[in-house]
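Inspection log for the structure reproduced underneath, given as structure tokens.
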There are 2 protein chains.
Amino acid sequence: MASTPKVPDIVIGRLPLYLRALNVLASQGRDIVSSQELADRLGCSSAQIRKDLAYFGGFGKQGAGYQIGYLQEQLRRILKVEGQWKMALVGAGDLGHALVHYGEFENNGFRIVAVFDNDPRKIGRRIGEFEVLDSKLLPHLISQKGIRIAIIAVPAHAAQEVADVLVQAGVRAILNYAPITIQVPPEVRVQYIDPVVHLQSMSYYLEPNE
Amino acid sequence: MASTPKVPDIVIGRLPLYLRALNVLASQGRDIVSSQELADRLGCSSAQIRKDLAYFGGFGKQGAGYQIGYLQEQLRRILKVEGQWKMALVGAGDLGHALVHYGEFENNGFRIVAVFDNDPRKIGRRIGEFEVLDSKLLPHLISQKGIRIAIIAVPAHAAQEVADVLVQAGVRAILNYAPITIQVPPEVRVQYIDPVVHLQSMSYYLEPNE
DNA sequence: TAGATTGTTAATCGATTAACAATC
DNA sequence: TAGATTGTTAATCGATTAACAATC
């Protein structure tokens, strides 16, 4: 409560990248890292890393660098991923399957706890450890389980309606895989994953083939 | 060649979002849109949209707005997605499956044309219309087919090695789903998709549960 | 101590916004 | 014409970088 007056969104967005790089270093058995080495790996400047971290306190030692384990702990605390956030997954298609089986959520603060779809052919089928539930159950289950995060993996035309129901049920953070901008109230965070958007922002730089 | 001296990366990164919004409007049968309406849908300012587009010319009509079909064409031309870029997919796991079946590539300038894996249990199996090929064939096929874009969908520990081979074979744009920053020469573009990074930059803003 | 690297300030750089003349 | 919205400039805002004193 003491410090942390108002950290820019763009800084928050980089902390997970720092944490990810630290995880890699830790898995290699490394103990200490300098802002310069971290910067080289991430392709940013060392000053940026030091300044970003300084919003939250002094985590390093002059002349030495940062204790990797300690900085991991601190970043996990700051990002609130020491525990596991329960997530609802909406959409049981190919992408939904891949997300249920995705192994990176577990050790990084998140866990899918329910899977929904509105397609009668999918409802009742199993995906991994889950039975696909009817979307109609969504509002009840989300509020009952106190779920605050949801992943939207439905077609574009259904995404806004799903988002509305999620928000109404109490969800406050949405990871949206549908290729469409959704409208939500200001207290709800949305992040987008759209491979086409990423690809198109690279094709600009490519020379036409042949 | 005449104009377009040096457009900031951040502007290029927004053009696909504009195009995506226009596609939605077009599918609703709309003909004309103002920068203000587009801005409302995207959650940005109208001035930003007008200024971004102005890097490439004047596409609108004062007093009227933008002809949607025309602006779509222009953005597709600018982003070089009028045709279809051939892509190699490396990694035939759950994510690879989802990507092969992903329907949004086709109409937006991209097409997977080959799928690779180095796991003997996966090589030779079919995914959709593709037979999974041995990664050893990667360099040969990429240069033979003139592939410039690749998607990395392998575990983190294998991503850097795959990237090295891809770059060596002539790939100039990489969409990386592995949760790790990869090192590539400056002439190669990389975009990252890591759901954990997106989720962690939202959990920061959530109040601890209960 | 000498060497190295942090934390932090000030300067630079770049992006966004406000505003309005141009003009459809 | 009157009304509306673009294209564009200038002003504001914010983020990044450079640099160095503090200090481990």
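Lettering follows sequence order; numbering is per chain, from 1. Note that the structure is predicted; figures quoted are calculated from it, not measured.
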When you list every nucleotide of DNA chain D with an atom under 4.0 Å from a heavy atom of chain B, which one comes first 5' to 3', and which comes last? D:dA4 to D:dT9
Assign each of B:Arg50 and A:Pro8 to its nearest nucleotide of DNA chain D by heavy atoms, then name whichever residue's nucleotide is nearer the 5' end. B:Arg50
Within 6.0 angstrom of B:Gln168 CD, more than 12 heavy atoms from elsewhere: no
Establish, yes or no, whether the cationic atom of A:Arg20 lies under 6.0 Å from the six-membered ring centre of B:Tyr192 and within 45° of the ring axis. yes
Just checking, is any N or O donor in the side chain of A:Arg50 or A:Ser35 under 3.5 Å from an acceptor N or O on the other one? yes
Just jot down the side chain to side chain contact (heavy atoms under 4.5 Å, CB included) partners of B:Asp164, sequence neighbours excluded, or say none. B:Gln160
Can you tell me if NZ on A:Lys61 sees more than 12 non-hydrogen neighbours from other groups inside 6.0 Å? no
Specify the residue among B:Gly63 and A:Gly63 whose closest nucleotide of DNA chain D lies further upstream toward the 5′ end. B:Gly63
If the condition is side chain to side chain contact (heavy atoms under 4.5 Å, CB included), which residues does B:Gln84 pass it with, not counting sequence neighbours? B:Glu106, B:Arg111
Could you walk me through whether A:Glu37 and A:Arg30 pass the salt bridge (Lys or Arg N to Asp or Glu O under 4.0 Å) check? CA-CA 12 Å; A:Glu37 182 182 353; A:Arg30 294 281 305 278; 2.8 Å; yes
Of A:Ala54 and A:Ala64, the one whose nearest nucleotide on DNA chain C sits closer to the 5' end is A:Ala64
Determine, stepwise, if the pair A:Asp9 / A:Arg14 fulfils salt bridge (Lys or Arg N to Asp or Glu O under 4.0 Å). CA-CA 9 Å; A:Asp9 284 1; A:Arg14 283 192 294 254; over 6 Å; no
Contact residues, residues 35-46 of chain A to DNA chain D [heavy atom, < 4.0 Å]: A:Ser45
State, without any angle test, whether B:Asp40 and B:Gln36 hold a side-chain donor-acceptor pair at a distance under 3.5 Å. yes
Can you list the stems that include DNA chain D, where a stem is three or more consecutive Watson-Crick or G-U pairs with distances under 3.5 Å? C:3-24 with D:3-24
DNA chain D contacts made by residues 14-31 of chain A, counting heavy atoms under 4.0 Å: A:Arg14
